[in-house]
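Remember, it's a predicted structure, so these values are computed and weren't measured experimentally. Both backbone and side-chain heavy atoms feed into the values below; hydrogens, waters and symmetry mates do not.
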Amino acid sequence: VVMTERLRPELMTCEDIVATGRYPYTGTLGILSERDWEKVHEAMALVHAADFKDRDFTAVSDGQRQRILLARAICQEPEILILDEPTTYLDIGSRFEVMGLARRLAGMGKAVVLVLHDLELVLRYADRVVVMNGGRVKAEGPPDEVYPCLRNCFGVEVCRIPSPEGVFYSFSPRHDG
């Protein structure tokens with residue numbers, strides 16, 4: 001589970017934070033094996049965080065922290081990966097990269113559950129969407145089936161744009177009259 005709440009690590013590097021994801025696999029003393037360290041480094045490489053592995057976790061940017069937390073979750077080798085707002089604090093290119101990574105993980109047989117408020121990313125990358133509003137499920141299904149309900153739920157116009165690269169969605173304010 002990747003949460004957006006702040007950790008308060010003291011004197012921990014980014015690599016140390018990711019390594020905490022392997023603690024469930026260690027023995028009584030909590031010492032990571034060579035295989036554990038391989039998993040830590042693979043996860044950091046996967047999210048493009050290896051370059052700042054030795055930096056103090058409290059000194060990196062919010063976007064870098066988000067990558068580190070994602071790597072920590074990935075190195076746990078979960079069957080189900082639950083990501084709560086994984087693109088928060090990331091620039092647009094990094095957002096696409098994280099969502100592409102989520103798709104690749106799903107393609108590797110992982111169940112990936114994302115909680116996102118960025119509707120454009122949701123509709124572009126998700127296989128199935130659950131639209132919630134006011135604490136209730138308003139629609140559920142593939143993006144092409146649920147996007148029409150966004151107009152009433154969120155007061156926006158949604159335009160579906162097919163292209164050779166896939167289907168894209170454009171949002172604008174709703175004009176009623």
Shared hydrophobic cluster, M108 / L114 (ILVMFWY, side-chain heavy atoms < 4.5 Å): yes

So CD1 of I74 and CG of L83: to nearest 0.5 Å the spacing works out to 7.5 Å

Check whether Q64 reaches the backbone of A49 with its side chain - one donor and one acceptor, N or O, closer than 3.5 Å. no

Open item on the list: For residues I68 and L11: do they belong to one hydrophobic cluster (side chain heavy atoms under 4.5 Å, members Ile, Leu, Val, Met, Phe, Trp, Tyr)?
Closed with: no

In terms of heavy-atom contacts, V130 and E140 come closest through CG2-CG, 3.7 Å

Closest non-hydrogen contact found for P86 with V115 is CD-O, 4.0 Å

- prompt: Just wondering, do L121 and F96 contact through their side chains at under 4.5 Å, heavy atoms?
  reply: yes

Here the gap from K138 atom NZ to C149 atom SG, rounded to the nearest 0.5 Å, amounts to 9.0 Å

| query | Got a salt bridge between E38 and R35, using NZ or NE/NH1/NH2 to carboxylate O under 4.0 Å? | reply | no

Scanning both residues in full, the closest heavy-atom pair of P142 with R128 reads CD-NH1, 3.7 Å

Output for pair (R174 CZ, N152 CG), nearest 0.5 Å, gives 5.5 Å

- prompt: Under the side chain to side chain contact (heavy atoms under 4.5 Å, CB included) criterion, do L150 and Y169 qualify, and how do the steps go?
  reply: CA-CA 11 Å; L150 300 177; Y169 299 86; over 6 Å; no

For V112 and A106, the nearest pair of non-hydrogen atoms, with its separation, is CG2-N, 4.0 Å

Connected via hydrophobic side-chain network under 4.5 Å: V158 and V167:
yes

Rounded to the nearest 0.5 Å, the CG atom of D56 sits from the CG atom of D16 at a distance of 9.5 Å

(Q) When you measure from the side chain of R103 to the backbone of Y125, do you find a donor-acceptor pair of N or O atoms at a distance under 3.5 Å? (A) yes

*Are there more than 12 heavy atoms of other residues, nucleotides or ligands under 6.0 Å from atom CG of D51?*
no

| query | Quick one: does L70's side chain get under 4.5 Å of L101's, heavy atoms only? | reply | yes

Exercise. Do E165 and R124 sit within salt-bridge range, that is, some charged N less than 4.0 Å from a carboxylate O?
Worked result: no

Q. Would you call R65 and D62 a salt bridge, taking side-chain N to carboxylate O under 4.0 Å as the test?
A. yes

In terms of heavy-atom contacts, C75 and A43 come closest through CB-CB, 3.7 Å

Is there a side chain to side chain contact (heavy atoms under 4.5 Å, CB included) between S94 and Q66 once you walk through the steps? CA-CA 11 Å; S94 296; Q66 199 71 328; over 6 Å; no

Given 3.5 Å as the limit, does a donor-acceptor pair link the side chain of E15 with the main chain of H41, or not?
no

Count I, L, V, M, F, W, Y as connected when their side-chain heavy atoms are under 4.5 Å apart, and connections chain through other members. Are M12 and Y23 then in the same cluster? yes

**Report entry** Atom CD1 of I92 with >12 non-hydrogen neighbours under 6.0 angstrom
**Finding:** yes

Do L116 and M132 belong to the same hydrophobic cluster, where Ile, Leu, Val, Met, Phe, Trp and Tyr are linked whenever their side-chain heavy atoms lie under 4.5 Å apart, directly or via other members?
no

Using a 4.5 Å cut-off on heavy atoms from C-beta on, say whether the side chain of N133 contacts that of V131.
-> no

### Message
Assess whether a salt bridge exists between K110 and E79, defined as any Lys/Arg side-chain N lying under 4.0 Å from an Asp/Glu carboxylate O.
### Response
no

To the nearest 0.5 Å, atom CE of M99 lies from atom CG of L90 at 11.0 Å

Closest non-hydrogen contact found for M44 with V18 is CG-CG2, 3.8 Å

So CZ of R72 and OG1 of T20: to nearest 0.5 Å the spacing works out to 4.5 Å

Report task. Output yes when R22 and E77 qualify as a salt bridge under the 4.0 Å nitrogen-oxygen rule, no when they do not. Result -> yes

inquiry  = Check whether Y25 reaches the backbone of Q76 with its side chain - one donor and one acceptor, N or O, closer than 3.5 Å.
reply    = yes

